[in-house]
Every structure is written in structure tokens, then in C-alpha cells.
Amino acid sequence: MSENVVHLHKPTDPPTPETAPTLLTVVPDVPNARPVPLWVRSGRAVKAVATHESTRAAARAAARHSLYTFNGGRIAARRAWDGRTGARYERMIRAAEAAGNLEAAEEWEDRLQRFRAARHHRRMDLLHSPVDAAKGVAVGTGMSVGVLVALGVVMAINTGQVSDVVTPLSATVDFIALLIRIVQVVWGPALTIGPFLALLALWSVGRKQHAAPAWALPANVRNGEGEPITPSIVVKALRDLGVPALRNAIKEMGDAGASMLGPITIAGCGVEVDVTLPSGVSTIEVQNRRRKLAENLTRHEHEVFITLPTAARTVRLWVADSGALDEPIGPSPLVTDDTMTADYTKGKAPWGQDLRGDAAALSLYQRHLLITGLSNQGKTVALRSLALWLSLDRSVQFLMGDLKGVGDWAMFDGLADTLIQGPTDEHVIQVTEMVEGAVDEMNRRIQAPPGTVFPPLIVLVDEAQVAFMCPAKDADKRPYGGSRANSRYFMAVRKIHNQGRAVNVLMWQGTQDPTNENLPKLVREGAHTRASLALGTESQARMALGDKAVDGGAAPNLLRPGLDRGTLVVASDGIAIPAGQSSITVRTHYIDDDAAVAITDRAKALRDGVTTLHAIDHNPEHDPLADIAAVIGDAPRVRTKDVLARLSGRNADAYGGWSFLDLKRVLDDADAAPRKSDGVMVVSRDRVLRALANRDGEGSASAE
């Protein structure tokens, strides 16, 4: 029996020519291609030509220009009809009635009656005009002939020729004949060209009004790129807003819907218009549809601002030019003008530009300040630019706490009396004690004789939410953070808000992402100037600016995080706000760190030298003479009142109650008594250092 052996492994030896299999290639017959009928090819060609973009563009152009001419004729005919009849007045009456404005309706009805009376008088005059015209022609002709004959007589007398009597008359007849010949020559071409000129005029009217369907208009007009804001566009945008009462009222108004609008005026990089809403339409219904209104106006949401002026049922629309708000504004005058100085009492800080493109300047005189917003939106830069301007007033003193601690305020070292930088609980404790020291200074000033003028003291805390959220407690179990009656930072801020303004002790705070926990209600409402960058919700906007500003149209929650960095919504009486509005939007100047250092260097040159403390001294023991030398710094001499103020800022517990007599007593004992210079009492740095050296030398000798 034979066995079949099945090999499980593929042989690796290549096959020999004898054993190689023969491969047969079978090529199937290719059928002949079916010929395409001529009519199919022609149809495809016609379809390709008909659907080509050039053909479509040509068709749109032909339809557009034809409709420009046709609709231009309709517009011209309607204008002529309005001029000859009372149709315009009737439309305005219907529009006023639809808007619920009965006074305007009565006024337009009175105008209609006057128009009809004047038209009646004109028609009555036409009954007598043929006779009057004939008389006028006869009289005019007779007078003209008489004048010409008289002129001929004068010529005949002058020349002695009787025939000259008719020379002026014959010349006039020849001139009239020449005019007739000119008319005969021009009349034929005028009849030929006249209709074309009339069609061209109608086409121009239709083109200016874009009197064609949207599909036939040019791409830039159809897509709204660069489309100007006109009354018809605003009325159409309001009609399509989705408010039934507004839509129905505009439909009833018809062509007179533009009567709702005030004048459209240029306002900076956009336009502004007041809209008086019809009866039954609330302003909040328009405010709540800001995005849809912006899209109807072919704008982005951030390019349309809605505010409420004082007039009832009126909204004020500010519409930016496309893309204008994405362009940066110019540099700050603080950077470009090296000679600029500041005046805390009468001056205003150059902060940026409003939406109109006008300079936005903020008065800081006796106003507590609060700036808030989401993280990384430009809060510190906006707050710092105000401090930079105020630093150019040499009378202003600063106590600063930066609870971020990344060096944003490092340039104020040597300019501020106190500068604490860091995010830890220990830094919060230091900042709290700094603010409490400002409270002691405030109380000392309040107890001074009436009429005493005090230099402004700015207590600035950036990232104040860190202080409010601090869980640390002191030895008496009193919390540093929080918003209770025993919370140290909260109560110190509240005390300055309550009484500091009267003695020029002011509280400036910058916070992030406000909530009731990290920005208590009593603190945020104690600020006179409240500003907000982009926020997440309307409730946060109300925390930042207050209900009145938000109800009046302020909407920092509608700013674009990241894209609108540095844009603030400000509610303050220290900045010029348009009449009837409760807030203003400001695009602040950006001042980088290098420019800020240059500005603070100029500010330091105005002062006699300031020794900046970087921590609050917890040691109750103090050395008055050494402290006097420290606050004098590198200045050769400092006025006594400035020395007292610096000592109070250095150690309020020890020097907060000092008067000139206390300072004089210490210096007299050290043989470094104050003396007059240029009419004011000053303390000499050299005399104080000499007194310290003598005292230290005596101490060393006694120790030996």
C-alpha cells in the first residue's frame, strides 16, 4: 500500500527551470467603450458653462444692475409721490401711533393739515395763473420792445443814421433765431441721450440704496464686511430681534420705522444712536438680546454696547467698526512724556481710552478704589498704572502689600514706605498689620486740630482675596481673614473706608474672581471707584460694580477673557461718564515692567529718599534716633513733618502720636536739633549720623 506524504514545511530551495510551473497570463478582452452621444456632451458643456463662477458672477452683476435701475425708479417715483401728496405725513402718523407716541402723532397730523392747506392755495392760484401769465408776457414784451427802440433812437442820434433806430431790435431777433437753430441741432441728440441719462440717474439711486436682493449684491456687502450702519439697517436689525411687540410695531410703521432713531453720530471707532422703543417693549428685552442684535448688524457681540440713557423707553447703541476693538491703543502718556507730573488734588491719571477714542482720565482724590476681574486679564497693570502716575506727586505716601509676590510691584522699593511681597499666611499677617498701622495713622490725623492738612497716604493691597481667605489666627484667636466682626483685615479695611477719606488715608484693592467669601459685600460697597475686567457671570458683575451699574448696562461678564485683556468697565464719579449712563468702558494703556521702572526712577528723583520697610517690626522696643536716621535715608535733609509721617509709617505704635515737640526733644538730647532751611524746619542727615556715632562711641568706651 502506498502512502501519500504531506510536507508541512515550505521548501526553501528555488525551483529549477525544469520543475518551475508554467504561468499563463490570461488577458480578458476589453470591450469597446460606448460612444457618448453628442447631445450628452453638449449638455455637460452647457452645464459647466452655466455653473461656472464667472457665469454666476456675470448673472449676479446683470441682475444687480438691472434691479438697481428698476428699483431706483420705484424709489424716485415714491419720493416724487411723497413730495406731491401727504403720504409721508400719513406714514409718520402711523409710525407714531404704533410706537405709542400720541404727542408725535398729533404733531404730524397738524403738519399734514398745514400741507394740505398750502396745496389747496397753490391749486386755487393755478386758476388765475394763465391770465396773469399772459398779462405778464404782454407787458414784458412791450417793455422790451420799447427799451430796444429807445436804444435805437439814441444810436441814430449819435450816428445821424435813421436806420439805426431798428438796429437793436433786429439784433435781438437775430439772437433769438440763433438760439432756435442751436435748439434744433441739439434737440435730436438730446432726445436720444436723454433716456440713457435718466436710466443712469435711476441706477445711481438704486445703487446707493443697495436696492437688489441679497444674492445679487457684491460679496463684501452681502457678507456685511465694512457695511456702514444706516437707519434702515438698524431698523431691520431691531425688527428681526425676536421681540413680537417690537416686530409688529415696526411692521405697522412701514417705511417710517426710522422715526424711532435719533441721529446716527460718529463716536470714536464706531457710531452711536439712541433708539426710542415702541410702547409695550421693555429695554431689558433689547439688552438680553445683545448677541442677536450684534449679528443682525453684521458685528460680533463684543462690538455692540447697549446702555440706558435718562430718556424713558430708550436704549443707546454703540456699534464699533468691524475689527476696530481688536486694534491696540497707543502708549501711555506716562511713557511718552518724561516731563509729566501728578497732582493728587486736582489732576487726573491718564488711564486709557474710552470706546469713542477719547482719553479716559481718572481722578483719585479722596476715592477708595477696587479693581477686580478674572485671573490674567491685566488687573495688576491697570492698578499699577494709577499708582505710577500718583507716584509723580512727591507728597503722596504708599503702603503696599503684594500678596502674589512675583515682583509686579518691586519697582516701588525705595518709593513706598512699606512694601510686603509674598503669598503666604505670614505675608498676610504682615499686610494686615500694615493696614492696621494705617488705621492708627488715620485716627491720629482725625484727632489733629481742625484745618490740619495731611499728605495723602495710599494703602494698596494687590490680590486682596488672599487676605480675606487667610485661615491664620493671632494669639487671641482672632482670624486675620474672613468677614466677621473679629476678622482683623476685614475690620481694618472697613475702618479706613468709613473715615479715611476725610484725612486722605485711602484704600486701594485688587482682587481676582470675586465671590462673597473672597470679597465681602461691605468691603466692595465701600469703594468709591469700582472697576472690573472680564468676569464669568452677571452675579460677579453685580458684586464688582453694583446693581445700579449693571442694571444701567454695565456688562463686564460679556467681555472676552484673554481677547479683551486690559479692558475695564468703570463705575465712578471720578471719570467722565456720558450723560444718562452709570458706567463707562475703558481700554487701559499697557505699561510694561521696564517702563514702570523708568517712571518710578523719575518719582524717586522727586523725593529726598525713602527707606522702604519689607516687614512690620514686631519688637515693641525701638530706638528713636536710629529710626530717625533710617527714615531720612540718603537725603541730606528732610522736613520735620515728613520725618514724623515716615516714623508713623515705620512704627505706628511707637510714633503714631508724636508731635513736633517729641521729635525736637529727641534730637535736642542728641545734639542734632532741627534747623530752618529755606523757611521750613528740617532734620539734617549728617547731624543725626554724627549723633549716632558719638552715642555709639560713648557706649563702647563705657563698656571697656
Side-chain angles (χ1 to χ4, degrees), residues 268 270 283-284 286-291 293-294 299-308 315-320 325-326 329 351-356 360 362 367-383 385-386 462-465 508-516 518-521 523-525 527-578 581-590:
T283 55
I284 193 65
V286 177
Q287 283 184 296
N288 290 340
R289 290 169 172 81
R290 177 186 176 192
R291 174 176 294 181
L293 178 61
R299 296 294 191 273
H300 297 290
E301 183 180 11
H302 72 278
E303 295 176 329
V304 175
F305 288 81
I306 305 173
T307 54
L308 303 180
V315 294
R316 179 169 294 163
L317 306 181
W318 185 86
V319 185
L325 294 184
D326 295 327
I329 64 174
W351 211 7
Q353 294 180 0
D354 60 15
L355 296 178
R356 292 173 171 266
L362 179 67
R367 289 178 176 89
H368 302 301
L369 177 67
L370 171 65
I371 299 180
T372 187
L374 297 178
S375 176
N376 196 30
Q377 298 304 306
K379 168 184 55 62
T380 296
V381 173
L383 184 62
S385 65
L386 298 177
D462 195 11
E463 307 297 339
Q465 75 280 355
W508 291 10
Q509 294 183 98
T511 68
Q512 281 186 19
D513 201 8
T515 65
N516 286 322
N518 63 26
L519 186 58
K521 183 174 186 294
V523 169
R524 61 183 186 246
E525 290 184 351
H528 302 99
T529 295
R530 300 167 70 173
S532 174
L533 295 110
L535 289 173
T537 63
E538 181 181 330
S539 62
Q540 287 184 313
R542 293 183 180 276
M543 292 180 189
L545 301 177
D547 292 336
K548 179 181 179 181
V550 174
D551 292 339
N557 53 300
L558 297 181
L559 295 174
R560 302 167 298 169
L563 297 177
D564 289 328
R565 185 179 289 112
T567 300
L568 287 161
V569 182
V570 185
S572 171
D573 61 349
I575 192 170
I577 297 178
Q581 297 180 197
S582 57
S583 64
I584 187 173
T585 301
V586 177
R587 303 173 68 195
T588 58
H589 295 296
Y590 176 73

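Here the structure is a predicted model, which means the values were calculated and not measured.
For the side-chain contact (heavy atoms from CB on, under 4.5 Å) test, residues two or more places apart in sequence or in another chain that qualify with Ile329 are Gln353, Arg587, His589. Partners of Glu303 by side-chain hydrogen bond (donor to acceptor under 3.5 Å, both in side chains), not counting sequence neighbours: none found. Applying the salt bridge (charged side-chain N to carboxylate O under 4.0 Å, His left out) rule to Asp513 yields no partners; only residues at least two apart in sequence or on another chain are considered. Residues forming a side-chain hydrogen bond (donor to acceptor under 3.5 Å, both in side chains) with Thr283 (at least two apart in sequence, or on another chain): none. Partners of Asp547 according to the side-chain contact (heavy atoms from CB on, under 4.5 Å) rule, which considers only residues two or more places apart in sequence or in another chain, are Arg542, Asp551. Evaluation of the side-chain contact (heavy atoms from CB on, under 4.5 Å) rule for Leu558 yields Arg290, Glu301, Ala555 as partners, not counting sequence neighbours. Qualifying salt bridge (charged side-chain N to carboxylate O under 4.0 Å, His left out) partners for Arg289, counting only residues two or more places apart in sequence or in other chains: none. Every residue two or more places apart in sequence or in another chain that forms a side-chain hydrogen bond (donor to acceptor under 3.5 Å, both in side chains) with Gln509 is listed here: Tyr489. Looking at residues two or more places apart in sequence or on another chain, you find a side-chain hydrogen bond (donor to acceptor under 3.5 Å, both in side chains) between Trp351 and Ser385. With sequence neighbours left out, the salt bridge (charged side-chain N to carboxylate O under 4.0 Å, His left out) criterion links Asp564 to Arg560. Take Thr585 and apply the side-chain contact (heavy atoms from CB on, under 4.5 Å) test, not counting sequence neighbours, and it matches Phe305, Leu355, Thr567, Val569.
Under the 4.0 Å criterion applied to side-chain N and carboxylate O atoms, Glu525 and Arg530 are not assigned as salt-bridge partners.
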Quiz: residues 368-375 side-chain donor-acceptor pairs under 3.5 angstrom, not counting sequence neighbours:
from   : atom 1 : to     : atom 2 : distance (Å)
His368 : ND1    : Met507 : N      : 3.0
His368 : NE2    : Ile496 : O      : 3.3
Thr372 : OG1    : Thr511 : O      : 3.4
Thr372 : OG1    : Thr511 : OG1    : 3.0

